[in-house]
Amino acid sequence: MPTMPFFPRFYSVLPKSNRFDYLLMKNNRRKARKNNLSEEVNRMKSKPVHPIRDIYPWKNKQQFVDHLAENVIYNKDGLIAINKPYGVPLLKDGLIKGPNEMMFSIEEALTPLASLLNVEKLLPAKMVEKFASGVSLFASQEKMVDKIRQSYITNKAKKIHTFKYLAVTIGEPKPSSSRGTVGMGFFEHQGIEGKLLAIMKDYSNRKVADGLVREFRVNYKTLSRGDEPCSLVEIDVSSAKKHFLRVYLAHLFSPILGDHIFGNRVQEIMGKRLAISPLQADNLSIFQKIPAGILTRLKVTESCIVPNCLHLSQMTLAKFASQDSDLVLKADPPPCFQYICQTFGLDLPTDESVVLTRE
């Protein structure tokens, strides 16, 4: 005689006591699965967000405006200085291109931010570039904008370096420190359209006068070597226009980590970091080719998400506080910058958030 097939609902024919035990066991298993799921959700919620993947933590414009207000480092007599977050543009330049693009701009935050700071309006006076962070100046009245411009003119006349930057570089600059005047012009090559920015080793005063070469006063030093292969570099510079710092640090065999414009001008070839032609480098890839070892230590897999590690840590306004004193504004690097420094054992200066006047 054939055996009776086995059905999932066999418990209906079991004795009453066995049926109860089975249902109790099934219920306990369901509770256990629910508890395990809750624990997993809690672990996911409590797990810290990767600093590089959370560069833009604001979910709406109000959160963004509140963040700017919390990062005001100076607010007196119509001058407002803000520690601008990385990747935030002055103007929104079009559609959001992807997860690494910021959805808000400074321009759209000006009116609500002015209200939070109890000023009538905010005028952008000096902004650090989009893909950098640090000291940015705003004015609540037109005459303050003129006063800031006058300080820049005084800086130039007194040869005071207006800006001090911090940069995390791949490798160490060669030499490790230097002071002087550097010329930047255009690298031209027959058969290509346009001109590529490059550091000029030899140039005439005539080229400077004609605007073919621009001179920058610069003083840099390596602050920390930490663990290879990254370094922390401090750069005092008269101006950072035309991507000068990006071009200059690449020229020193130490491109800025995350520089997706000029970062490929130095490549590792047979274990050595060598400079390659700007023509080849700037067309090598849309993103900097960051060594795999660096990506592994940062716990990321793609070069494209590594931010440009350039931070304007200090700005000097000559004779701004009075005829006898300069105003010096300082700002802390953002969390992603600090995380990268910590990863490679790079020691940051400890007084970046100080605001002071200097006699």
Side-chain angles (χ1 to χ4, degrees), residues 50-52 55 73 83-86 128-129 131-135 161-180 182 216-237 240 244-260 262-263 265-266 268 271-273 275 288 290-300 303 305-316 328-356:
H50 195 297
I52 293 180
I55 294 178
I73 55 179
N83 187 1
K84 186 191 82 70
Y86 167 86
V128 67
E129 68 163 282
F131 292 111
S133 55
V135 183
H161 291 183
T162 306
F163 310 103
K164 178 179 288 186
Y165 282 85
L166 293 174
V168 176
T169 63
I170 300 177
E172 183 182 356
K174 298 181 180 180
S176 61
S177 63
S178 181
R179 178 191 299 268
V182 177
F216 298 80
R217 297 189 311 276
V218 61
N219 172 26
Y220 75 85
K221 60 182 177 181
T222 302
L223 291 182
S224 179
R225 293 177 180 84
D227 301 331
E228 292 291 346
C230 293
S231 299
L232 179 65
V233 182
E234 180 183 82
I235 315 106
D236 289 314
V237 65
F244 169 70
L245 291 179
R246 295 174 183 248
V247 177
Y248 185 49
L249 286 168
H251 173 76
L252 298 173
F253 294 90
S254 56
I256 298 172
L257 177 63
D259 178 5
H260 301 299
F262 302 102
R265 291 190 175 188
V266 178
E268 188 171 303
K272 294 185 178 180
R273 297 196 62 76
Q288 183 184 34
I290 299 175
I294 293 179
L295 295 179
T296 299
R297 294 187 62 176
L298 291 177
K299 300 180 182 179
V300 297
S303 295
I305 70 169
V306 177
N308 181 45
C309 294
L310 185 65
H311 174 72
L312 179 54
S313 62
Q314 178 176 303
M315 186 184 297
T316 300
V328 181
L329 304 169
K330 298 187 179 185
D332 292 321
C336 60
F337 193 104
Q338 296 185 36
Y339 165 77
I340 290 171
C341 287
Q342 182 180 12
T343 298
F344 294 104
L346 303 173
D347 298 325
L348 283 164
T350 58
D351 63 343
E352 291 304 313
S353 60
V354 176
V355 178
L356 51 87

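Just so you know, these numbers use all the heavy atoms, side chains as well, and skip hydrogens, waters and symmetry mates.
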Rounded to the nearest 0.5 Å, what separates atom [atom1] in [X] from atom [atom2] in [Y]?
{"X": "Leu346", "Y": "Gln338", "atom1": "CG", "atom2": "CD", "answer": "12.0 Å"}
{"X": "Ile294", "Y": "Phe344", "atom1": "CD1", "atom2": "CZ", "answer": "5.0 Å"}
{"X": "Ile55", "Y": "Ile305", "atom1": "CD1", "atom2": "CD1", "answer": "8.0 Å"}
{"X": "Thr162", "Y": "Gln314", "atom1": "OG1", "atom2": "CD", "answer": "11.0 Å"}
{"X": "Leu298", "Y": "Leu257", "atom1": "CG", "atom2": "CG", "answer": "6.5 Å"}
{"X": "Leu312", "Y": "Asn83", "atom1": "CG", "atom2": "CG", "answer": "9.0 Å"}

Heavy-atom pair of closest approach, residues [X] and [Y]:
{"X": "Arg179", "Y": "Asn219", "result": "NH2-ND2, 3.3 Å"}
{"X": "Pro255", "Y": "Gln288", "result": "CB-NE2, 4.1 Å"}
{"X": "Pro51", "Y": "Cys336", "result": "O-CB, 3.9 Å"}
{"X": "Ile235", "Y": "Ala167", "result": "CD1-CB, 4.0 Å"}
{"X": "Leu223", "Y": "Leu166", "result": "CD1-CD2, 3.8 Å"}
{"X": "Val135", "Y": "Met315", "result": "O-CE, 3.7 Å"}

Which of parallel (below 30°), tilted (30 to 60°) and perpendicular (above 60°) describes [X] and [Y]?
{"X": "Phe337", "Y": "His311", "answer": "tilted"}
{"X": "Tyr86", "Y": "Phe131", "answer": "tilted"}
{"X": "Phe163", "Y": "Tyr165", "answer": "tilted"}

Under 3.5 Å, side chain of [X] to main-chain N/O of [Y], donor-acceptor pair present?
{"X": "Ser303", "Y": "Ile290", "result": "yes"}
{"X": "Ser231", "Y": "Gly171", "result": "yes"}
{"X": "Lys84", "Y": "Ala132", "result": "yes"}

Does any part of the side chain of [Y], heavy atoms only, come nearer than 4.5 Å to the side chain of [X], both counted from C-beta?
{"X": "Asp347", "Y": "Leu232", "answer": "no"}
{"X": "Tyr220", "Y": "Pro175", "answer": "yes"}
{"X": "Thr169", "Y": "Thr222", "answer": "no"}
{"X": "Arg225", "Y": "Ser176", "answer": "yes"}
{"X": "Leu310", "Y": "Glu129", "answer": "yes"}

- request: Take Val182 and His251, measure what side chain to side chain contact (heavy atoms under 4.5 Å, CB included) needs, and give me the verdict at the end.
  value: CA-CA 11 Å; Val182 177; His251 173 76; over 6 Å; no
message: Is there a side chain to side chain contact (heavy atoms under 4.5 Å, CB included) between Ser254 and Val233? Walk through the geometry before answering.
response: CA-CA 10 Å; Ser254 56; Val233 182; 5.6 Å; no
field: Counterpart residues, side chain to side chain donor-acceptor pair (under 3.5 Å), relative to Asp259 (two or more places apart)
entry: Arg246
Worked verdict on His50 versus Val300 for side chain to side chain contact (heavy atoms under 4.5 Å, CB included): CA-CA 9 Å; His50 195 297; Val300 297; 4.0 Å; yes
message: I'd like to check the salt bridge (charged side-chain N to carboxylate O under 4.0 Å, His left out) partners of Arg265; sequence neighbours left out, ordered by chain and number.
response: Asp282
